[in-house]
Amino acid sequence: MSSSRRTFLHQASALSLLYGTRQTLAQTAMGSMKMGEPQRTRAQSPSPNPPHVGPPMLHTLELAPFVDPLPIPETLRPTRHHGHQALTITMQEVHAKVHRDVAPTRMWSYGPGTLSPLIEARAGETLQIHWVNNLPAKHFLPIDHSLHGCGVEVPEVRTTAHLHGAKSPSSEDGYPDSWFVPGKSRTCTYPLQQEATALWFHDHAMGLNRLNTYAGLFGMLLLRDKVEDSLNLPSGRYEVPLILYDRDFTAAGQLFYDVSGDPESPWIPEFSADGILINGKIRPFFEVEPRLYRFRMLNTANSRFFNLSLSNGQPLVQIGCDQGLLAAPVTMKRLVLGCAERADVLIDFSQLAGQTIHLRTGALDILEFRVGKQPAVAAVIPKMFRPIERISESTAVKTRTLTLHEYQDEAARPMVMLINRKHWHEPTTELPKLNSTEIWEFVNLTEDTHPMHLHLVRFQVLDRRPFDTTDYLIRKKVRFTAPAAPPESNEYGWKDTVQCPPGMITRIIMRFEGYPGKYLYHCHILEHEANDMMRPFEVVA
């Protein structure tokens, strides 16, 4: 099943397209201008970093594609304990094969296998998770001790679990400073007073999230409710999680995370690898029946966006996004999935009996669907799912303007990423009142699309509008260069992560429901979050 040379060269050239997908929503937007910026805070050097020699690398595009079956994570359903749902999740080091022809890889997991278990829970029923840290005391990836919260005085391995997308009290949210070390555990209680959706859990330890997540600390939680039950959507073996991410490997099959070449500051501003994994395997295959399937897609990559489509040109039907079902299905040829975003997608194989098609990102095929020859089952897709009332802008009591910055040294190397020119440890400046509605506008002065995520709340995307970044940086004035564009058709649901393209102002609106207390918002490119595109906010009772 090895590729022909022509196919290999096609796929190799396609790989280069993957590294720029963060700008998909703003290919015509202006880039940032590096002027009028304040003094930078990280150590500067007058010349580029010295070259560093790494280990021999595995070139994953030279591996035979589609030789491993797609793994399906074990479903873990909570048990009843004193009137609520309860379970235990143990973090541990594992060794697992990512490809038939690659030696077992050391990684970390929220369970005994490569894939963390898939948790299923019911909306409206409290879930208690006992998180146990059984990881080694020493990290196997390169720590940057110059990052905030990563000093040599703190333990090398520390974790805190964040249930991404959950409406949880501040004490249960997995605050970055609330880490615990190997040999310790913590019990978190999640009320789950929210609609059915795909949540996910991952590490959020200050300064280490990018490494702990890269090592493998992530998993998915499917939240069910009666509305979803009544729709008769594909379920059981016809509902399949697809967790997408990228990794680099050494020739020995071990995880490789790149560094800057500066031993004092090994942090790199972004990480994109050549190995695309789905559910723990490099470019696997999946045998399906000629019928409708539901795929719960999740992007857990550190920095990479996925530009997804089907090789036969058939459209994808998206029925849900980050925070649950859309009002109605949306048919699309391409789906751009940013870091931390989820998409609930239907694919109809009923007319493809005996055929083979591929899920691809850009022009690179990453998953092979092998359609069986069984009698076809006609696809039935509901026309409506759940009503979604748009929040009126007139209900907002405040509009907050949040600028996104990147600072470079004399060699034009990124040094730090900031929101409103403030570091994480500076005093909290966003203090929304409990049960109030606000509009937040992200003013992107950088050259990247930033997937901005807010803890606690769900929000709606209002619009995106291009502006003159030069005018803004010099005169601190907004001069729009085109009319505002409405959200993409698949963004009219409830979101918790929004793509903020360069040279644009992206506006969202939300109601701060649930709980008072300290939370955070940040870019979900994990390298940006670590240094230092992350800020606290506090919901005031």
Side-chain ion pair, [X] and [Y], N-O less than 4.0 Å:
X: Arg507; Y: Asp463; result: yes
X: Arg296; Y: Asp344; result: yes
X: Asp496; Y: Arg458; result: no
X: Glu289; Y: Arg237; result: yes
X: Arg77; Y: Glu120; result: yes
X: Lys518; Y: Asp177; result: no
X: Arg122; Y: Asp229; result: yes
X: Arg386; Y: Glu228; result: no

Can you check whether [X] reaches [Y] side chain to side chain, under 4.5 Å on heavy atoms?
X: Gln499; Y: Thr506; result: no
X: Asn531; Y: Met417; result: no
X: Val157; Y: Trp108; result: yes
X: Arg158; Y: Cys150; result: yes
X: Leu244; Y: Leu308; result: yes

* Under the 3.5 angstrom rule, does the side chain of Asn302 hit a backbone N or O of Glu527 as a donor-acceptor pair? ->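 The answer is no, because no donor-acceptor pair under 3.5 Å joins these two groups.
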Parallel, tilted or perpendicular: ring planes of [X] versus [Y], cut at 30 and 60 degrees:
X: Phe349; Y: Phe295; result: perpendicular
X: His522; Y: His204; result: perpendicular
X: His202; Y: Trp200; result: tilted

* Single hit among Phe285, Phe66, Phe369 for ring-ring contact (aromatic ring centres under 6.0 Å, His included) with His358 -> Phe66
* Test item: side-chain donor near acceptor, Asn212 and His139, under 3.5 Å ->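 Short answer, yes.
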* Asked: Side chains of Thr361 and Asn307: do they bring a donor and an acceptor to under 3.5 Å?
  ->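 Side chains of Thr361 and Asn307: no pair found under 3.5 Å.
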* **From CA spacing to verdict: side chain to side chain donor-acceptor pair (under 3.5 Å), His423, His148** => CA-CA 9 Å; His423 293 268; His148 180 72; over 6 Å; no
* To do: Evaluate the criterion side chain to side chain contact (heavy atoms under 4.5 Å, CB included) for residue pair Ser170 and Tyr519; output intermediate values, then yes/no.
  => CA-CA 6 Å; Ser170 176; Tyr519 295 90; 3.9 Å; yes
